[in-house]
Protein chains: 2
Amino acid sequence: MAGTDRNKDNASASAAPVIVLVEPQLGENIGTAARAMMNCGLGELRLVRPRDGWPNPKAVAAASGADDVIQNARLFDSTPAAIADLHRVYGTTARHRGMIKPVVTPRQAALEMRAAGARSERVGVLFGPERTGLVNDDIPLADTVIQVPLNPAYSSLNLAQAVLIIGYEWFQAAVDVPARELVTNETRPATKAELLNFFAHLEKELDDCGFLRHADKRPVMVRNIRNLFQRADLTEQEIRTLHGIIKELAHERVRNRRRP
Amino acid sequence: MAGTDRNKDNASASAAPVIVLVEPQLGENIGTAARAMMNCGLGELRLVRPRDGWPNPKAVAAASGADDVIQNARLFDSTPAAIADLHRVYGTTARHRGMIKPVVTPRQAALEMRAAGARSERVGVLFGPERTGLVNDDIPLADTVIQVPLNPAYSSLNLAQAVLIIGYEWFQAAVDVPARELVTNETRPATKAELLNFFAHLEKELDDCGFLRHADKRPVMVRNIRNLFQRADLTEQEIRTLHGIIKELAHERVRNRRRP
């Protein structure tokens with residue numbers, strides 16, 4: 001099977017998504033995922049806590065021809081660290097797991113990624129470990145979930161195939177079709193680091209005021225709250241507004257009440 | 001990675017293409033190709049002179065979960081025999097090899113295959129041996145060549161990946177692409193009344209704590225805050241969570257501080 005070169009120029013015109021493998025288990029799969037990336041013109045691979053350490057000779061062996069992708073792969077010790085500089089993150093998952101999250105097909109995601117790239121926003125796609133897929137704590141870090149429409153009786157893909165489908169659609173989408181676009185005027189989309197910093201602030205205040213006092217419910221409440229703010233595609237300016245709201249709701253009122 | 005089930009009926013509505021592997025070399029590749037077929041709802045596999053004979057235990061082992069495809073595979077001693085009952089045949093190849101032949105993308109081919117299926121015509125797709133691809137004598141047996149648009153510097157796919165891309169496009173061609181879909185599970189989208197009620201609550205608390213104290217800026221701040229929550233497509237459940245957050249941030253803390 002092979003390619004034509006009609007998309008070459010378009011493919012490089014907008015920034016390619018970063019592929020983030022979260023706790024990949026087998027070196028071979030990292031290597032074959034790198035090959036699938038190379039097939040689709042994707043160059044930037046990030047690894048979060050690969051099970052067998054890094055560098056991994058089996059990954060190198062399996063990546064034959066995609067050595068650059070492996071050599072340039074960057075290692076992170078947490079998913080938040082791996083996505084901190086990105087503006088938009090997709091999570092690939094088999095199950096909704098009860099989270100309220102927009103779900104798109106790879107084709108729709110590809111159009112959105114192209115549109116984001118055209119606005120110079122950086123995009124990433126998260127893939128979970130081979131055995132389990134993305135865990136509950138990582139899914140809320142994604143703005144949107146990608147599900148591949150496949151035979152419902154047999155829908156599981158291996159890691160390299162999943163990367164291939166996402167990359168393939170991104171490559172095909174080189175034709176200029178803008179997807180949903182958020183008009184941000186004078187401001188810009190928040191980075192994930194800014195968003196996570198807001199979550200930290202909000203959750204600290206919610207702990208302090210007792211909203212998250214039930215330890216058994218805390219994880220799911222935190223995930224639900226993160227998901228709803230994640231969906232708003234917040235701008236940097238809006239993040240600052242929300243910091244202000246949390247701060248003043250929690251503190252100014254106390255100060256005012258203390259006055260005689 | 002996984003599928004949704006909204007395509008089930010469409011996928012079976014038109015006859016699926018037959019996958020014809022010509023002189024496949026490795027049993028493992030026959031098995032993984034069968035899995036890719038199963039992912040895409042393709043059930044009919046034909047083998048022309050597989051190098052290591054048939055049946056092949058390695059193919060069975062690699063086909064885990066797609067056993068039916070392997071068990072029902074039919075063996076042929078020539079490509080013409082394997083395609084005799086088909087109405088339309090596609091050949092997958094990396095190179096034109098100087099042949100005058102229509103060339104289509106997998107996406108175009110998928111639309112044609114769906115149309116042919118709707119006319120009750122039987123369609124097949126030829127894949128050549130792993131090492132060489134389709135040979136010169138087999139390409140003329142195809143009506144049309146399929147080429148996958150990929151990175152021209154690195155366009156080769158393994159057998160299972162090539163089958164996956166063709167099958168994936170065939171499966172997608174049945175999909176009536178819906179707009180972005182928000183999975184809301186047990187809950188439902190909030191009504192506008194619920195949303196406005198939340199805005200009223202939030203804005204009252206922001207007035208009380210002094211966040212909106214600058215009268216000249218108040219209207220634009222209120223609009224900005226409403227916009228960001230509006231964009232989140234909140235559910236009824238999430239509106240209740242937000243009411244709780246506002247209430248507890250503003251009041252619980254005050255109550256706690258008042259305690260000795």
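None of these values were measured; they are calculated from a predicted model. Quick note on labels: first sequence line is chain A, next is B, and so on, each numbered from 1.
- Going from atom CD of E238(A) over to atom CD1 of I225(B) covers 10.0 Å, rounded to the nearest 0.5 Å.
- Here CD of Q161(A) is found 11.0 Å from CG of L157(B). Values are rounded to the nearest 0.5 Å.
- Of the inter-residue distances, the one linking R35(B) atom CZ with S156(A) atom OG reads 6.0 Å to the nearest 0.5 angstrom.
- Remark: the backbone N or O of M38(B) is paired with a side-chain donor or acceptor of N151(A) at under 3.5 angstrom.
- Atom NZ of K247(A) and atom CG of L249(B) lie 13.5 Å apart (nearest 0.5 Å).
- Across I245(A), L206(A), T241(A), the residue that shares the most heavy-atom pairs under 4.5 angstrom with chain B is I245(A).
- Contacts of E130(A) classified as salt bridge (charged side-chain N to carboxylate O under 4.0 Å, His left out), with partners at least two apart in sequence or in another chain: none.
- Closest non-hydrogen pair, Y154(B) versus A63(A), comes out as OH-O, 4.3 Å.
- Note that the CG atom of L228(A) and the OG1 atom of T235(B) stand 8.0 Å from one another [nearest 0.5 Å].
- Side-chain atoms of E248(A) and R213(B), non-hydrogen and from C-beta on, do get closer than 4.5 Å to each other.
- Residues P149(B) and F171(A) share a closest heavy-atom pair of O-CD2, 3.5 Å.
- Atom CD of E169(B) is separated from atom CD of Q172(A) by 7.0 Å, given to the nearest 0.5 angstrom.
- The side-chain heavy atoms of L150(A) and C40(B), taken from C-beta on, include a pair separated by under 4.5 Å.
- Pairs passing the salt bridge (Lys or Arg N to Asp or Glu O under 4.0 Å) check and including a residue from residues 153-166 of chain B, sequence neighbours excluded, do not occur.
- Per-residue heavy-atom pair counts under 4.5 Å with chain A were compared for G128(B), G167(B), A66(B), G65(B), and the maximum is reached by G65(B).
- Neither the backbone nor the side chain of L159(B) comes within contact range of chain A, judged by heavy atoms closer than 4.5 Å.
- For the options N227(B), I246(B), L242(B), heavy-atom pairs under 4.5 Å to chain A are most numerous at L242(B).
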Starting from the C-alpha separation in whole Å, work towards a yes-or-no answer on side chain to side chain contact (heavy atoms under 4.5 Å, CB included) for I165(A) and I165(B).
CA-CA 7 Å; I165(A) 293 291; I165(B) 293 290; 4.3 Å; yes
